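None of the values given here were measured: they were computed from a predicted structure.
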Amino acid sequence: MKRRKKIYLYMTITLMLIYIGLLTLLYFSECGDKNATIRTFGDALWYSLVTLTTVGYGDLTPVTPLGHAVGAVFLLMSAGMLVTLLGAVISFVTSEGLPILMLGFQRRKNWYYFADYGSEATTLAANIYREDADAVIIFGEKKDDQMEFPDHPCLFISASPARIVSRKKNSGTRCKVFLMRENDIGVNSRAIDLHALPVDVYARTTNGQDHLSGNIHFFHSYDCCARQYWHKRPLCRHEDAIVIIGFGNYGRCILERAILTNIVSVTQHVAYHIFGDSKEFLAMHRHLHEMFSLDEVSDTCDSLIFHDGFWEDCHTILESADRIIICTDDVPEGWNIFWRLNRYYKIHGHIDLHSNRKAPGVSYFGTDEEIYTPNQIMRTTLNKAAVTINDIFRKSVSYPTLSWEELDDFHRESKIAAADHILMKVRILLDDETITEFTSKTIESAYQKYCETKTDPCAQDMYRQLDHMRWLRFYTFYNWSRGPARDDSARQHPMLCPYKELTPEQKRERDAAWELLGSISAELYPQSIP
């Protein structure tokens with residue numbers, strides 16, 4: 001490529017020198033003749049342009065034999081010049097020249113660069129364009145005839161992020177780069193040196209890592225689906241039995257979010273029946289038995305019942321379940337299970353189906369339109385809430401604590417899990433299970449209700465116990481155990497014990513999670529505070 005550019009450069013320079021030489025020759029051959037109309041170098045330049053473009057005004061003409069010879073050369077060059085010029089214009093319009101030029105006029109806007117063109121990328125790009133009126137969508141590959149052009153304005157430029165960013169010249173907001181294929185950051189050549197560019201990178205991964213420092217961020221599409229599911233369909237107090245069919249990538253994330261988020265009452269005893277291969281999951285999370293009843297339904301705590309056999313054999317469990325979640329990785333298989341359940345079983349609860357295909361009368365979740373949104377992928381609200389929680393917590397304690405950038409992945413995830421539970425806290429305080437979105441008004445109302453009720457020792461003790469349950473689940477899920485002192489390397493913490501064994505001071509620490517509601521509203525929605 002570099003060699004070709006050098007050849008084009010040398011050819012251009014050579015042609016320019018020949019052209020200038022012909023102009024000079026024409027000028028000197030004509031300027032000494034008394035009958036000449038071409039008397040200056042400007043006249044020679046004008047004559048050459050009129051001749052080469054075949055306009056032929058006739059106001060200037062050579063009169064000397066040498067002038068006629070140069071004019072003939074210009075005449076012969078005109079056809080080739082026009083063809084070359086027309087080809088250059090067509091090439092400029094149909095290649096990257098025009099898009100690159102257009103980018104230069106939009107430096108102040110918000111640029112979103114997608115390394116590849118695919119269904120996930122186009123869905124996210126469409127959602128971004130709907131939410132951001134100043135969005136400039138850039139796909140980092142050349143459009144071919146088989147591509148269906150998106151419904152939103154976009155540019156197809158087969159160029160690296162570095163080249164694109166260089167056109168922005170540090171104007172406006174930082175460019176956002178998306179790597180939408182799984183684990184693409186490790187194999188995509190366009191991911192090289194992204195950490196050194198003034199961009200924010202969002203890379204799809206399968207390992208669940210969530211690194212929010214520097215400019216590299218990861219998102220997990222299965223986890224995004226699980227978060228979206230429990231956010232739109234939170235656990236209700238009346239639900240005691242939930243069936244999960246399919247324990248692949250989606251099923252594991254659905255159960256993980258249920259373990260970390262579904263805490264609605266200190267007396268709850270929800271039984272999760274999971275159908276699928278659970279050996280790897282149980283081997284990895286070896287302390288689950290400390291918080292859950294495993295393989296036996298309990299009336300005092302939540303239960304995790306893992307079934308190795310066929311779900312078809314468990315008629316009683318299926319027919320008495322409050323909800324059935326079909327979340328197989330293979331979407332057609334999920335639809336097959338859905339139709340079989342409806343045809344052969346008397347279902348008491350409702351069925352939620354993971355599917356990209358929408359159908360009337362079906363409670364589906366996890367479509368691309370729901371998962372690949374700016375808020376899900378860039379996690380703007382959730383991350384802001386998590387960072388806010390950490391900042392407020394630092395101000396509320398007397399001992400030294402770490403800033404967000406200083407936290408490791410585990411402790412960042414701890415704050416994010418606390419932010420995930422805000423919706424549940426609002427629903428509990430307002431005693432309203434129809435709430436699936438929180439706003440400044442709902443958070444303020446919930447905090448006001450907390451302030452009114454915490455004066456009751458029983459209510460205050462319930463609030464503390466509820467958040468201790470959430471906190472215990474998180475640390476137990478990540479294989480922490482009780483120890484005499486906090487030791488991060490050994491994953492030990494002295495507060496990993498039943499609530500009744502906490503000291504009065506340790507119990508008071510649980511108030512922070514509820515007191516944060518008042519500050520979160522002010523931090524996340526400053527416009528609502530008088």
Gap between atom CD1 of Ile317 and atom CD1 of Ile324 - 0.5 Å precision: 10.5 Å
Partner of Leu179 under side chain to side chain contact (heavy atoms under 4.5 Å, CB included), chosen from Leu194, Thr205, Asp116: Leu194
Under 3.5 Å side-chain donor-acceptor pair for Tyr222 and Glu256: no
Ring centres under 6.0 angstrom apart (Tyr475, Phe410): yes
Pair Thr373-Asn127, side-chain donor/acceptor within less than 3.5 Å: no
4.5 Å side-chain heavy-atom contact, Thr122 and Tyr117: yes
Sidechain-backbone polar pair: Thr261 side chain, Ala258 backbone, donor-acceptor under 3.5 Å: no
Side-chain heavy atoms of Ile428 within contact of Arg237, under 4.5 Å: yes
Derivation and outcome, salt bridge (Lys or Arg N to Asp or Glu O under 4.0 Å), residues Glu369 and Arg130: CA-CA 12 Å; Glu369 290 79 5; Arg130 276 192 289 269; over 6 Å; no
Exceeds 12 heavy-atom contacts within 6.0 angstrom, atom CG of Asp151: no
Residues Asp409, Arg412: salt bridge by 4.0 Å N-O rule: yes
Distance, nearest 0.5 Å, that separates CG of Leu429 from CD of Glu452: 10.5 Å
Backbone of Val270 reached by a side-chain donor or acceptor of Asp302 within 3.5 Å: yes
Ring centre gap for Phe365 and His354 strictly below 6.0 Å: yes
Any residue meeting side-chain contact (heavy atoms from CB on, under 4.5 Å) with Arg491, in chain and number order, not counting sequence neighbours: Tyr478, Trp480
Charged N-O contact under 4.0 Å between Arg233 and Glu239: no
Closest approach of Tyr447 to Gly518 (non-hydrogen atoms, all atoms of both residues): CD1-N, 3.3 Å
Side-chain (Asp511) to main-chain (Arg464) donor-acceptor, under 3.5 angstrom: no
Lys NZ or Arg CZ of Lys507 over Tyr499 ring: under 6.0 Å, within 45°: yes
Donor-acceptor contact below 3.5 Å, side chain Gln268 vs main chain Asn262: yes
Whether Tyr202 and His217 hold their rings parallel, tilted or perpendicular, with breakpoints at 30° and 60°: parallel
Closest heavy-atom pair and its distance - Leu294, Leu288: CD2-CB, 4.4 Å
Short side-chain to backbone donor-acceptor contact, His421 and Ile263, under 3.5 Å: yes
Side chain to side chain donor-acceptor pair (under 3.5 Å) evaluation trace for Ser403 with Glu406: CA-CA 5 Å; Ser403 67; Glu406 294 171 325; 3.2 Å; yes
Flag if over 12 foreign heavy atoms under 6.0 Å of CD, Glu296: no
Side-chain heavy atoms of Leu341 within contact of Ile326, under 4.5 Å: yes
Evaluation steps, salt bridge (Lys or Arg N to Asp or Glu O under 4.0 Å), between Lys232 and Glu370: CA-CA 10 Å; Lys232 295 295 184 183; Glu370 295 172 324; over 6 Å; no
Check: Val201 main-chain N/O paired with Asn215 side-chain donor or acceptor under 3.5 Å: no
Value rounded to 0.5 Å, distance of NE2 in His238 from CG in Leu235: 8.5 Å
Candidate pair Arg204 and Glu120, rule salt bridge (Lys or Arg N to Asp or Glu O under 4.0 Å), full reasoning: CA-CA 11 Å; Arg204 186 177 174 188; Glu120 294 91 351; 3.6 Å; yes
Sub-4.5 Å side-chain heavy-atom contact between Arg257 and His231: no
Donor-acceptor pair, side chain of Thr476 and main chain of His287, under 3.5 angstrom: no
Straight-line distance of Phe275 CZ to Asp308 CG, nearest 0.5 Å: 10.5 Å
Polar side-chain atom of Asn479 near backbone of Arg286 as donor-acceptor pair, under 3.5 Å: yes
